[in-house]
**Q** 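The structure's right below; bear with me while I get my questions together.
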Amino acid sequence: MNLKLQQEQKRVESVMKTITEEVNRLEEETSRRKQEVVQIRKHFWDEVKVNTDTFDDYLETVIGLRQEAQALSVSQSTHRHASKRLSTLRRMEEVPYFGRIDFVEEGDSTEEQFYIGISSLKDRSGENFLIYDWRAPVSSVYYDYQPGPAKYGTPGGTIEGKLEKKWQYLIRDGVLQSMFDTSLTIGDEILQEVLGKGTDKQMHNIVATIQQEQNRIIRHDRGRLLIVHGAAGSGKTSAALQRIAYLLYKYRDRLNADQIILFSPNSMFSNYVSNVLPELGEENMQQVTFQEYLDHRLSKEFQVENPYEQLEYVLTQVNTPSYRSRLESTRFKASIRFFEAIQSYRQSLELSGMQFKDIIFRGKLFVTAQQIAERFYTQDTSLRFHNRLEKLQDWLVKEIKEVQRVEWKKSWVQEEIELLSNDEYHKAHRFLAEKRGYKREAIADYEMEPKALAQLIVHQKLKPLRKRIRAFRFIDFKVIYKQLFVDPGQIKRWIEGETPVQWMDICQATLEMLDENKLFYEDATPFLLLKELIQGFQTNSSIKQIVVDEAQDYSPFQFEFLRRLFPAARMTVLGDFNQAIFAHASERVDFNTLTCLFGSEETELINITRSYRSTKPIIEFTRRLVPNGDKIVPFEREGEKPVLKQVTDHVELHRCITAKVAEFRSQGMNSIAIICKSAEESARAYESLTGIDDIKLIKSNSIEYEQGVVVVPSYLSKGIEFDAVIIYDASKHVYGDESLRRVFYTACTRAMHYLLLYSVGEPSPLLQNVLPEGFIQA
């Protein structure tokens, strides 16, 4: 070991000793704090003298309660922070730091060394930093500059100076295995080492290998909307997760994980990325899929198709009579034009078209839908739309009070009283006594009047009806939405330009679904938007940051909806239009439509073109599958060329795949994906390949990403990477249509080290531009 390496190893050992001391101290503190919390909870009421005889006694009780609650809160908070720090330090025991910059500040002649890791660490005195957090302002120099002039921003202003040297360290379990002067070394050895590893069942943090373009994403802090458009494997998702960690660090006094939402493509992907923030000592943000939100809002009224059911239809039902109209429906209903049509339609409801439901109590009609409509269109018409609806609510509540005034005298009420259990009777007695002002000890003296009990019974029976009225459930939203489609010519009142060619078929199919209380996926967001525009948006102002992954799968309509839903939030959207595999995306080739969400001054677009996931030969192949693929820059990591193998039938196909899986396993591949076009093809492939040990089938409802050998539809593999990918059947029969180019590209770009394509018969025409160029071994 050379002298420099020996000196650096001594420093590593010194830092590790400090970390160990801090770990021991925190273990003791967390144990003590935990006991404190347990003891306070256990003896909470022992410490408080509860006395309400006089106002002074009552006040003393309240103060005592508050002091005990405050003590509990402080102990819990201290325990939580100590536990969080302990978790971070334990990770630092494995890799204390990974980088260093030697920086000379302008006007100073002394070179200062900054060591960078996943979290800050001070020496025993608490005055000097041994390690700087990768999110600290000075750490940005490590990611953004090569030796030479450099600067970084701080709350007090910009610090300028000169970066003398930049080092990368490879430390494992307290041992310095190697270090590189990155100003002298060609390539990125640490990144090579990380990328050359096998996959894991979860994504991990990339703080040691963040590249300059990714650092721009992480530290971006201007405007309301950041759009990241990047090639497959360019580290978009990783950078976005590090961005969340950075924001939680920078704004730790006013931003917490509960105020951030990540919209994931599916539950399996949510599980796949769930490890990144905890690795950095941060709590996970909220994760949800857009479908989960739709189900939360609509599943009580409708059976809502999910996006994968929609996509499965697009991929497998090409020859059905309704295919063209369904495709056109999906595209039209995802468009800004339809969004604007819904808004225009809602405005037209101010004059006519609102539909209501009859108000029925105990099987008896007491306010008809027609009466409600007449009142809405004749009373308070000078008020704004929402105020008119609120007035309508108030009127209906008054009508219910009138019912209550009459109903208590009726025989059914007496029958209900006679059916009350002893427990129900005593509850009613206690409620009415307390309502009359009787204190707890005097409740037994209260003599309950029959009239009061009868009125209480009626009041309780009318409670669900009042709740329905307060929730606007007297409005018939389904019929209002149906009116858009009942008369195909009506839509021209609310839309500019031509209607879809297949509009009549679209209307008929939509009405048939609504009559069965079902919604196509493309109807779910428009229906919800219309409902919100009528009753008032149920906004969430507590959310401060939204991250939308696989943003190319969201329609402009859905983005407009999210903007309204989270009015206080800044938005980060990540995507790749070469992977835009949903039907609505076929006419869009960029994110320009998103600029109108917050305006160009509040929007920034970052394009990242370097791809890190796959070896250079795999990227050289996949980038030729898509338009403008020449802009994708492969990372210099050598490997084997993709292989195309043509077979005569499925029997030979399954024999070859079984043999190849065994070979990959013998080479130590942790994850092997057999990627099919659709769920339908995946199910058939899985049934035929059950001879492979521990083979698993990934479905749209799969919760956890499984390692090992998996059979997976193309669209569920998005965002995940595998050591080896086998394209199940890349034939003309399966991938014969130009519309499948992005699906095919997405499947092929999942491979890190090996890509093998089988073709039952003639290969797909999508390979025509690749085969002659020698980027695939045929």
**Q** Side chain to side chain donor-acceptor pair (under 3.5 Å), that's the test. Do Arg219 and Ser140 meet it? Break it down for me.
**A** CA-CA 8 Å; Arg219 294 173 188 263; Ser140 65; 4.6 Å; no
**Q** Among residues at least two apart in sequence or on other chains, which ones pass salt bridge (charged side-chain N to carboxylate O under 4.0 Å, His left out) with Arg624?
**A** Glu620, Glu773
**Q** Which residues pass the side-chain hydrogen bond (donor to acceptor under 3.5 Å, both in side chains) test with Ser234, sequence neighbours left out?
**A** none
**Q** Return the set of residues passing side-chain hydrogen bond (donor to acceptor under 3.5 Å, both in side chains) with Arg563 (not counting sequence neighbours), or none when no residue passes.
**A** Glu560
**Q** Taking only residues two or more places apart in sequence, or in another chain, which ones meet Lys718 in a salt bridge (charged side-chain N to carboxylate O under 4.0 Å, His left out)?
**A** Glu550, Asp553
**Q** With sequence neighbours excluded, what pairs up with Arg326 under the salt bridge (charged side-chain N to carboxylate O under 4.0 Å, His left out) test?
**A** Glu305, Glu522
**Q** Output every pair passing salt bridge (Lys or Arg N to Asp or Glu O under 4.0 Å) with a member in residues 97-106, not counting sequence neighbours, ordered by first then second residue.
**A** Glu8-Arg100, Arg100-Asp102
**Q** With sequence neighbours excluded, give me every salt bridge (Lys or Arg N to Asp or Glu O under 4.0 Å) pair touching residues 131-143.
**A** Asp133-Arg135, Arg135-Glu282
**Q** Could I get the full list of side-chain hydrogen bond (donor to acceptor under 3.5 Å, both in side chains) partners for Arg254, not counting sequence neighbours?
**A** none
**Q** What pairs with Phe557 under ring pair (Phe, Tyr, Trp, His ring centres under 6.0 Å), at least two apart in sequence or on another chain?
**A** Phe339
**Q** Residues in side-chain hydrogen bond (donor to acceptor under 3.5 Å, both in side chains) with Glu312, at least two apart?
**A** Tyr715
**Q** Would you please name every residue forming a salt bridge (charged side-chain N to carboxylate O under 4.0 Å, His left out) with Lys631, sequence neighbours left out?
**A** none
**Q** Considering only residues two or more places apart or on different chains, which pairs with a residue in residues 564-581 satisfy salt bridge (Lys or Arg N to Asp or Glu O under 4.0 Å)?
**A** Asp221-Arg570
